[in-house]
Amino acid sequence: MKTNQETMPAMQPVQAETTLRFACHPGVACFNECCRELDLALLPYDVLRLKKALGISSGEFMKNYVLVSREAGQVFPLCRLTMVDDGRASCVFVRPEGCSVYSDRPAACRAYPVGRGAALRDGTVREQFVLVREPHCQGFAQTCSQSVAAYLDSQELAGYNRCNDALLRLHQHPKIQDGSFQPDEQQLRRYLLALYDLDRFRQLLKRGVLSFAFPLKKEQQSALEDNDEELLLLAIGWLERDFFGG
Ligand code: SF4
Ligand code: SF4
């Protein structure tokens with residue numbers, strides 16, 4: 001993100017029913033501007049979709065497109081999409097005609113200019129929304145309007161939200177919140193393996209090197225074959241048990 005005062009985005013809390021006057025299409029003068037100078041964190045479901053779209057393994061995707069870092073104060077590593085060194089920090093997937101992975105673009109790209117936050121309260125996911133207004137974005141000058149909820153629905157986020165919300169059981173676990181859990185090096189490796197390198201995780205499960213401490217239900221068996229979304233949900237449970245017991 002650009003950081004000087006003129007290019008700083010304005011953030012405005014909004015509700016699901018708030019009317020959003022916004023539209024984005026190849027005809028806008030700023031087309032593709034939001035795909036440059038950005039810092040794009042990838043969640044596991046984003047990686048799952050992108051590696052499938054590119055027809056490569058999760059290991060290849062992580063090696064070629066992801067920078068992993070662990071920042072001060074963060075319990076878990078952060079995975080960021082690499083940007084092109086073109087002086088504008090352009091997304092590696094942006095082309096003159098638009099996003100080359102459009103149907104599998106990350107959740108943050110789909111929801112933009114809305115940001116969705118989710119928190120686990122008494123076992124229920126509570127959503128919060130914020131509207132991000134960047135000075136270069138001319139989508140707000142378009143005439144199309146709808147509610148924030150309708151806009152997000154149109155961006156087909158259901159699969160993303162399902163997996164990202166399941167991840168809250170790890171990221172917002174009480175032992176994370178009270179600071180009593182700090183993963184060791186091996187747990188950090190297992191975190192990256194199970195969430196971000198699903199193909200390798202599946203291989204290790206099939207070879208019996210790793211296993212679930214619970215029998216898989218019939219509908220979960222497909223995770224060991226080709227159902228990546230089911231495997232990711234199982235991986236979250238596997239890590240939950242590994243990190244926090246139970
Ligand atoms: S993934 Fe697509 S929509 Fe997202 S920043 Fe890159 S080019 Fe833009
Ligand atoms: S209107 Fe906004 S979201 Fe659309 S291309 Fe322009 S900057 Fe990006």
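Residue numbers start at 1 and run along the sequence shown. We count ligands from 1, going down the list as the structure has it; atoms in each ligand are counted the same way.
Taking atom 8 (Fe) of ligand 2 as the reference point, the nearest protein heavy-atom neighbour is Cys34 SG, 2.3 Å. If you check which protein heavy atom lies closest to atom 6 (Fe) of ligand 2, you get Cys30 SG, 2.4 Å. Looking from atom 4 (Fe) of ligand 2 to the surrounding protein, the closest heavy atom is Cys24 SG, 2.4 Å. Shortest contact from atom 2 (Fe) of ligand 2 to any protein heavy atom: Cys137 SG, 2.3 Å.
Taking a cut-off of under 4.0 Å to the non-hydrogen atoms of Cys109, the atoms of ligand 1 that pass are 1 (S), 3 (S), 4 (Fe), 5 (S). Proximity to Val94 (heavy-atom distance under 4.0 Å) selects the following atoms of ligand 1: 7 (S). Heavy-atom contacts of Gly139 reach the following atoms of ligand 2: 1 (S) (cutoff under 4.0 Å). Each of the following atoms of ligand 2 lies closer than 4.0 Å to a heavy atom of His136: 7 (S). Residue contact check: Asn32 has heavy atoms under 4.0 Å from atoms 5 (S) of ligand 2. Residue Tyr112 approaches ligand 2 through these ligand atoms, each under 4.0 Å from one of its heavy atoms: 3 (S). Interface atoms of ligand 2 facing Phe31, defined by a heavy-atom separation under 4.0 Å, are 5 (S). Heavy-atom contacts of Phe93 reach the following atoms of ligand 1: 7 (S) (cutoff under 4.0 Å).
Residue-level proximity to ligand 1 for Pro106 is carried by the side chain, the only part with a heavy atom below 4.0 angstrom.
The heavy-atom pair separating Leu195 from Leu239 by the smallest distance is CG-CD1, 3.5 Å.
Under the 4.0 Å criterion applied to side-chain N and carboxylate O atoms, Arg80 and Asp39 are assigned as salt-bridge partners. Ion pairing between Arg88 and Glu33 holds under the 4.0 Å rule for side-chain N and carboxylate O. Salt bridge annotation for Asp46-Arg110: absent, with no cationic side-chain nitrogen under 4.0 angstrom from a carboxylate oxygen.
Around NZ of Lys63, the count of heavy atoms belonging to other residues, nucleotides or ligands within 6.0 Å does not exceed 12. For Gln186, the CD atom sits in a loose shell: 12 or fewer heavy atoms of surrounding residues, nucleotides or ligands are nearer than 6.0 Å.
Here Cys35 reaches atom 8 (Fe) of ligand 1: one of its N/O/S atoms is less than 2.8 Å from the metal. When distances to atom 2 (Fe) of ligand 1 are checked against a cut-off of 2.8 Å, Cys99 contributes an N, O or S atom below that limit.
Checked by atom type, the side-chain pair Ser57/Glu60 shows a donor-acceptor distance below 3.5 Å. For the residue pair Asp197 / Ser58, a side-chain donor-acceptor distance below 3.5 Å is found, with atom types taken as modelled. For the residue pair Arg105 / Gln155, a side-chain donor-acceptor distance below 3.5 Å is found, with atom types taken as modelled. In this model, a donor atom of one side chain and an acceptor atom of the other lie less than 3.5 Å apart for Asp178 and Ser180.
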